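Excluded from the calculations below are hydrogen atoms, water molecules and symmetry mates; all remaining heavy atoms, backbone and side chain alike, are included. In this text, all values refer to a predicted model and were calculated from it rather than measured experimentally. Here is how names work: the chains are called A, B, and so on, in the same order as the sequence lines, proteins then strands, and each is numbered from 1.
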Amino acid sequence: MIKITLPDGSQREYPKGTTSLQVALSISEGLARNVLASKVNGEVWDATRPILQDSSVNLLTWNDELGKSTLWHSSAHLLAEALEALYPGIKFGIGPPIENGFYYDVDLGGSQLNPEDFKKIEDKIIELARQNNPYIRKDVSKSDAISYFTEKKDEYKLDLLKDLNDGTITFYEQGKFTDLCRGPHIPSTGFIKAAKVMSIAGAYWRGDEKNKQLTRIYAITFPKEKELKEYLILLEEAKKRDHRKLGKELELFCFSEKVGMGLPLWLPAGAALRERLIQFMQKAQIKSGYLPVVTPHIGHKQLYVTSGHYEKYGADAFQPIKTPQEGEEFFLKPMNCPHHCEIYKSKPRSYKDLPIRLAEFGTVYRYEQHGELHGLTRVRGFTQDDAHLFCRPDQIEEEFCKVIDLVLYVFKALDFNDYTAQISLRDPSNTTKYIGSDENWKKAEDAIIASAKEKGLKTTTVLGEAAFYGPKLDFMVKDAIGRKWQLGTIQVDYNLPERFELEYTGSDNQKHRPVMIHRAPFGSLERFVAVLIEHCAGKFPLWLTPEQVMVLPISEKYNDYAKKVLDLLNNYDIRGLIDDRNEKIGRKIRDTEVKKIPYMLIVGEKEEEDQTVSVRKQGDGDAGSMSLSDFAAVIGKEIDGKLARLV
RNA sequence: GCCGAAGUAGCUCAGCUGGUAGAGCAGCUGAUUUGUAAUCAGCUGGUCGGGGGUUCGAGUCCCUUCUUCGGCUCCA
């Protein structure tokens, strides 16, 4: 007998070789019907795999992330089986689960797949799922595995096998399909009740541009038909939040082919919003001891030779601008730090001066690949809320903490709660590709980890993701359809101070090298606004929104009173517009709702007489009448609640 | 840059197998003077992304180019 410990701490005894599924069955039949996989001693296993020793078992269902991904992984095999049935001779790359569903990379040989084929594939998947074939795990020797895929002429699987050790190789078989796979899998295909092929795309084998491009088929499956429907509705809803769509509807920004792709044009409403964000940040930064500076949009080639960027990115950058007489080369600046380094160097610095925090809303230009441009999140010209902190090594942690405070203040003011913080450290197994001494790296990495901890950030740590010049802390958020974007970033840099030979005089009267911290709480205004739009679905916080109120006269008779109301509101620093069109009030309300303006003030005979306004909140409906000073107080309170002081 | 899809009025879209473009909204004009999510009527508006070709005839077929969308690769 073996002892099985369940997540609630209870222990039960079972015969040796009992499976998780049998454990589930002993608890309840309903549970057993829903078990997709299980976690045995922390490792995800097939629910049908015999357990041979005392273990802790955590049964996984659709409600567990790991249960979901197991179902999707198994679905990828099912997709492969369907594809093999429909397209004989097809070759398979890899087919992993992803955040929303799964994909399989396939080599279709000569033939092509079109969206019209999706239905056919989905039907086949469901047909095969209904056969309820079990997923059967098999240990195979490396030589047997090689001969199987050699026979099948699947060079991709053979390529994968090269990196695997004999004795650790397993196959999974369901129905007529056998795949090289570590597992685990769901007990049988019958758990898959609904399938949808989402899209196809090219993907290089092993992610390498030099390799052959395979066809990647994205799909998603569900254990219930209803859940697929709900998912599709959710996707539709998410599309309505897309910043490209809302940006157009709310007239925030646009693009022009004539101006050039990836070069956003900010429309008046968008520019006002952007300007407000800048002022907000400027104010917070000045409070935190930053010194605003201004530098030009171009820089001499020599600046980037010194910084090392010319060597590293010269080929990808925009081409240089040449002066007509001397033939000197200038580049559009791809970042602000080299300029700021030269500002640091403009006079001798003492240890007493540090830290020096130079801030600039610097517009930078980068050559992004054509296929990479994406709304406002990936553009060729953008403005960073950039700053560079020059400090002593012993100041890194304190400065880091202060920057984290600033980022959190920004996120709070904008109701950003759903972010993750990623600490990127260097790859300990390959320290040679990084610049800077081991000692300094350790200091910086420790400082980041300590400050993130001190600030109570929920972090993920990724080894090998550090920049070559230093470790960093990035704040990531997701867009409407779940794509992850980096917003705020804090990066330690040992490289530039070295290259620009920055120094300060220490208390020992010796020259020392300062450490530089790059930081941008928004990241770029463009990307930040994009994510913000999607985050709030275009309903911006009151302090930020382009227009806070719309005054709606009941008829043209009350346009004069409406004008007076707006003038008084302006005195309270409340911004708004009047809808003085010759339309009925219902129409004006509807149009204002669609524009997502937070407050509507309806004025007619009654209001003019009482010198009041009838307040209607966007999305909420009639909120009754009040005097203008009362209304101004309501607005003021709502804004103050968000813009609590930076501590 | 690579793979795939798309581009028709300011916006959202229709236009079957080729026979010289259509709707709703927006805009303009007029009527209406309105009480909490669309008042009515009339009118304007498109070299169908650009260029080339096939054809008696191209929004529709072919080639090419640009842009956009979904991915891949990249991201100082």
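A/E607 comes within 4.0 angstrom of a nucleotide base, judged by non-hydrogen atoms across all strands. Among the protein residues, A/K312 comes within range of no part of the nucleic acid, since none of its heavy atoms lies under 4.0 Å from any strand. Counting non-hydrogen atoms under 4.0 angstrom, A/G604 reaches a base of the nucleic acid. Residue contacts for A/Y218: at a heavy-atom cut-off of 4.0 Å it reaches the sugar-phosphate backbone alone, with no base atom in range. Here A/G371 lies in heavy-atom contact (under 4.0 Å) with a base. Within the 4.0 angstrom heavy-atom criterion, only backbone atoms of the sugar-phosphate kind lie near A/A203; the bases stay farther away. Residue A/Q213 is classed as a base contact, given a heavy-atom separation below 4.0 Å to a base. Among the heavy atoms of the strands lying under 4.0 Å from A/I602 is at least one base atom, whether or not backbone atoms are also near.
Taking a centre distance below 5.5 Å and an interplanar angle below 30 degrees as the stacking criterion, A/Y313 stacks against the six-membered base ring of B/A76.
Taking every heavy atom of residues 95-102 of chain A and every atom of RNA chain B, no pair lies under 4.0 Å.
Residue A/R244 places at least one side-chain N or O closer than 4.0 Å to OP1 or OP2 of B/C69. Between A/R366 and B/C74 there is no side-chain polar atom (N or O) within less than 4.0 angstrom of OP1 or OP2. The side chain of A/H374 contributes an N or O atom lying less than 4.0 Å from OP1 or OP2 of B/G70. Phosphate contact (OP1/OP2 of B/G4, side-chain N/O of A/R216, threshold under 4.0 Å): absent. For A/R587 and B/U39, the shortest distance from a side-chain N or O to OP1 or OP2 is below 4.0 Å. Proximity of A/H370 to the phosphate of B/C74: no side-chain N or O atom is located under 4.0 Å from OP1 or OP2.
A donor N or O paired with an acceptor N or O is found under 3.5 Å between the base of B/C75 and the side-chain atoms of A/R378.
A donor and an acceptor atom, one from each side chain of A/N100 and A/W72, are nowhere located under 3.5 Å apart.
Without hydrogens or angle criteria, A/E607 side chain to A/G604 main chain gives a donor-acceptor distance under 3.5 Å.
Rounded to an integer number of Å, the gap from A/E465 CD to B/A76 C1' is 15 Å.
Under the Watson-Crick or G-U wobble criterion, with both distances below 3.5 Å, B/C61 is paired with B/G53.
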